[in-house]
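For clarity, every value in this text was computed on a predicted model and none was experimentally measured.
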Amino acid sequence: MDAHEVNRVRAALAFYVADVFASVPRKDQRAKSDCYLRGLMLDGRRKSIQAMAARLPDGNEQNLQQFVNQSTWDPVPVQRRICERMLPLIGPAAWVIDDASMPKDGRMSAGVAPQYCGALGKRANCQVAVSVHAASDTASCPLQWRLFLPREWAADTGRRTLTRVPPEVTHREKWRLALDMLDTLAGWGMSPPVVVADAAYGTNAHLRAALADRQLAYVLAVRSDVSAHPFDAEPEAPARNGDTGCWPQPRYRHPAPSVAALAGIGQEAFTSVTWRLGSRGELRSRFAAVRVRPAGKAVERPIRAAASAEQGWWDGILPDCWLLIEWAADAEAPTDYWLSNLPDDTPIADLVRLAKVRWRIEHDYRELKHGLGLDHFEGRSWPGWHHHVTLVTAAHAFLTEQRLAPKVPGPVSPSTKSLTPSRTS
């Protein structure tokens, strides 16, 4: 946005800030949040605090630095209020688990380490943030963020102290961070219609099991080497060894093939499905959906343990789910795979639409990163990073509101009314 466009929405932004940042106790801090959001939305290649302050007529670099990096205002109620405003407006088809990497110099930014960096497509020095987004074909909004803390940071007290990483924060796998966010949102009374993620998450059987335990529906991309039994495969119990031996438990007698092997069902089993209208016309490909029984020790162990605890034995039958397969017209073999626990009467068009909804997140990440400076933060502290991404999320949500419902005021905030402000610096 240029300066004229920002000035045109100043009144709407003031009302928005008053509502979304109502939990921030001090008036001057709320004024700084208004200033910071305008800095993020203004045109400019860099959205560091120094660059934004230079572009803003009321920009004060020292004040903004203090507000983001030193002030102790709590970003969580702000995040909750954004969720309360945006979920009804977007009407999401799914919540999407994703992550974003931010290249960094040096080793003193919170959570930085040599690790795979998606932004560069290789291993590099970077931070990685896991996120959950509400998404439809028309809009998306980040609901929660978690900064991934690599294992090497767990016992590095020197760097933890300098970057103000809270003592209770330790290394957790990215899929566990995603579950933590879903649990936080559930505690706010918010639940996803369906959970969607790419193969980096969907291939993890522990994540699929945890979503199922929470009674959450999912459509998750998986790698081609994920194993599964055909739907009609049946476990068999081997013969009992003598009259006094234990009765052997049933098990599948043949190794589970990969989903790529199960996809060899012939081209005639695939049907053309259109999932949305793109800028150049309908987006269409060929798909097939079959019922399978995902296998592997990570799948079997919790099922066996639960059955043994409840009834003392397990019949060996693995739960079934959908395997969605895409075979593009110009490809020699199937290219993509998804597992879903949606009901067995779900139309294939619905499975495809949900599997492909991640495009919206990738589209909006360009605005979050290049337009709003998600990865431009130059501070090093843990609180500063969380303040910055919360402010970027607030700016993105405001712009989304302006695009979708520019004349509709947000509902009264139930989450901030009951908050008891405490003084912060």
Next on the checklist: With heavy-atom distances below 4.5 Å as the criterion, would you say the side chains of Tyr201 and Val130 are in contact?
Outcome noted: yes
Item to check | Side-chain heavy atoms of Ser109 within contact of Thr163, under 4.5 Å | outcome: no
Checklist entry - More than 12 non-hydrogen atoms from neighbouring residues, nucleotides or ligands closer than 6.0 Å to CZ on Arg380, yes or no? => result no
Checklist entry - Does the Trp322 side chain pair with the main chain of Ile348, one donor and one acceptor, at a distance under 3.5 Å? => result no
Item to check | Electrostatic pair Glu378:Lys47 at N-O distance under 4.0 angstrom | outcome: no
Next on the checklist: With a 4.5 Å cut-off on side-chain heavy atoms, are Leu262 and Phe231 touching?
Outcome noted: no
Item to check | Charged N-O contact under 4.0 Å between Asp58 and Arg38 | outcome: yes
Checklist entry - Heavy-atom distance under 4.5 Å between the side chains of Arg293 and Pro319, does that happen here? => result no
Item to check | Check: Val196 main-chain N/O paired with Arg358 side-chain donor or acceptor under 3.5 Å | outcome: no
Checklist entry - Which pair of heavy atoms, one from Val78 and one from Asp74, lies closest together, and at what distance? => result CG2-O, 4.1 Å
Next on the checklist: As an exercise, state the distance from CZ of Arg291 to CG of Asp320, rounded to the nearest 0.5 Å.
Outcome noted: 4.5 Å
Next on the checklist: Whether the side chain of Glu152 engages the backbone of Ala113 through a donor-acceptor N/O pair (distance < 3.5 Å, no angle test) should be reported.
Outcome noted: no
Checklist entry - If you take all heavy atoms of Leu318 and His229, which pair is closest and at what distance? => result CD1-CD2, 3.8 Å
Checklist entry - Is the count of non-hydrogen atoms from other residues, nucleotides or ligands lying under 6.0 Å from Tyr116 atom OH greater than 12? => result yes
Checklist entry - More than 12 non-hydrogen atoms from neighbouring residues, nucleotides or ligands closer than 6.0 Å to CD on Glu173, yes or no? => result yes
Next on the checklist: Is it true that Gln65 and Gln70 share a donor-acceptor pair across their side chains at a distance under 3.5 Å?
Outcome noted: no
Checklist entry - Considering residues, nucleotides and ligands other than Asp28, do more than 12 of their heavy atoms fall under 6.0 Å from its CG? => result yes
Checklist entry - Any idea how His133 and Trp145 line up, ring-wise: parallel (<30°), tilted (30 to 60°), or perpendicular (>60°)? => result perpendicular
Next on the checklist: Quick check for you: to the nearest 0.5 Å, what is the distance between Ser131 atom OG and Asp98 atom CG?
Outcome noted: 5.0 Å
Item to check | More than 12 heavy atoms of other groups within 6.0 Å of Arg151 CZ | outcome: no
Item to check | More than 12 heavy atoms from other groups under 6.0 Å of CZ on Arg276 | outcome: yes
Next on the checklist: Under a 3.5 Å threshold, yes or no: a donor from one side chain and an acceptor from the other, between Ser140 and Asp364?
Outcome noted: yes
Item to check | Donor-acceptor side-chain pairing of Glu326 and Thr335 below 3.5 angstrom | outcome: no
Checklist outcome for this item: Correct closest heavy-atom pair for His386 and Val389 would be O-CG2, 3.4 Å
Item to check | Check: Tyr365 ring centroid to His370 ring centroid under 6.0 Å | outcome: no
Item to check | With sequence neighbours excluded, residues passing salt bridge (charged side-chain N to carboxylate O under 4.0 Å, His left out) with Arg301 | outcome: none
Checklist entry - Measuring from Leu87:CG to Ile82:CD1, what's the distance to the nearest 0.5 Å? => result 11.0 Å
Item to check | Side-chain (Arg160) to main-chain (Val169) donor-acceptor, under 3.5 angstrom | outcome: yes
Checklist entry - Are Thr184 and Arg146 close enough, and set up right, to give a side chain to side chain donor-acceptor pair (under 3.5 Å), and what steps lead you there? => result CA-CA 11 Å; Thr184 294; Arg146 292 288 190 278; 3.1 Å; yes
Checklist entry - Is a side-chain donor or acceptor of Arg172 paired with a backbone partner of Leu177 at a separation under 3.5 angstrom? => result no
Item to check | Which atom of His387 lies closest to which atom of Val68, heavy atoms considered | outcome: ND1-O, 2.7 Å
Item to check | Trp275 side chain to Asp137 side chain, donor-acceptor N/O pair below 3.5 angstrom | outcome: no
Item to check | Close side-chain approach of Ser272 to Ser285, heavy-atom, < 4.5 Å | outcome: no
Next on the checklist: Between Trp382 and Leu147, is there a side-chain heavy-atom distance shorter than 4.5 Å?
Outcome noted: yes
Checklist entry - Counting only N and O atoms by type, is there a donor-acceptor contact under 3.5 Å from the side chain of Asn341 to the main-chain atoms of Tyr218? => result yes
Item to check | Considering all heavy atoms, the nearest Tyr16-Ala394 contact | outcome: OH-O, 2.7 Å
Item to check | Distance-only polar pair, side chains of Gln29 and Ser71, donor-acceptor under 3.5 Å | outcome: yes
Checklist outcome for this item: Sorted by chain and number, sequence neighbours left out, side chain to side chain donor-acceptor pair (under 3.5 Å) with Ser340 holds for none
Next on the checklist: Tell me whether Trp153 contacts the main-chain N or O of Val112 through its side chain, where contact means a donor paired with an acceptor under 3.5 Å.
Outcome noted: yes
Checklist entry - Under 4.5 Å between any side-chain heavy atoms of Val357 and Arg353, yes or no? => result no
Next on the checklist: For the backbone of Ala210 and the side chain of Arg214, can you confirm whether one donor and one acceptor N or O come within less than 3.5 Å of each other?
Outcome noted: yes
Next on the checklist: Rounded at 0.5 Å granularity, tell me how far CG in Asp34 sits from CZ in Arg10.
Outcome noted: 5.5 Å
Checklist entry - Does Ile49 reach the side chain of Asn69, with side-chain heavy atoms less than 4.5 Å apart? => result yes
Next on the checklist: Checking Ser48 against Phe377 for the side chain to side chain contact (heavy atoms under 4.5 Å, CB included) test, could you report, in this order, the C-alpha distance in whole Å, the side-chain angles of both residues, the deciding distance, and whether it holds?
Outcome noted: CA-CA 6 Å; Ser48 64; Phe377 180 60; over 6 Å; no
Checklist entry - Can you name the residues that form a ring-ring contact (aromatic ring centres under 6.0 Å, His included) with Trp327, not counting sequence neighbours? => result Phe270
Checklist outcome for this item: CD (Gln127) and OG (Ser101) are apart, to the nearest 0.5 Å, by 10.5 Å
Checklist entry - Does a donor on one side chain sit under 3.5 Å from an acceptor on the other, for Gln79 and Arg81? => result no
Checklist outcome for this item: What one should report as the nearest heavy-atom pair of Ala124 and Cys117 is CB-CB, 4.1 Å
Item to check | Test item: Tyr36 side-chain N/O and Val392 main-chain N/O as donor-acceptor pair under 3.5 Å | outcome: no
Checklist entry - At what distance, to the nearest 0.5 angstrom, does CG of Leu179 lie from NZ of Lys174? => result 15.0 Å
Next on the checklist: Has Ser136 got a side-chain atom pairing as donor or acceptor with Ala93's backbone, closer than 3.5 angstrom?
Outcome noted: no
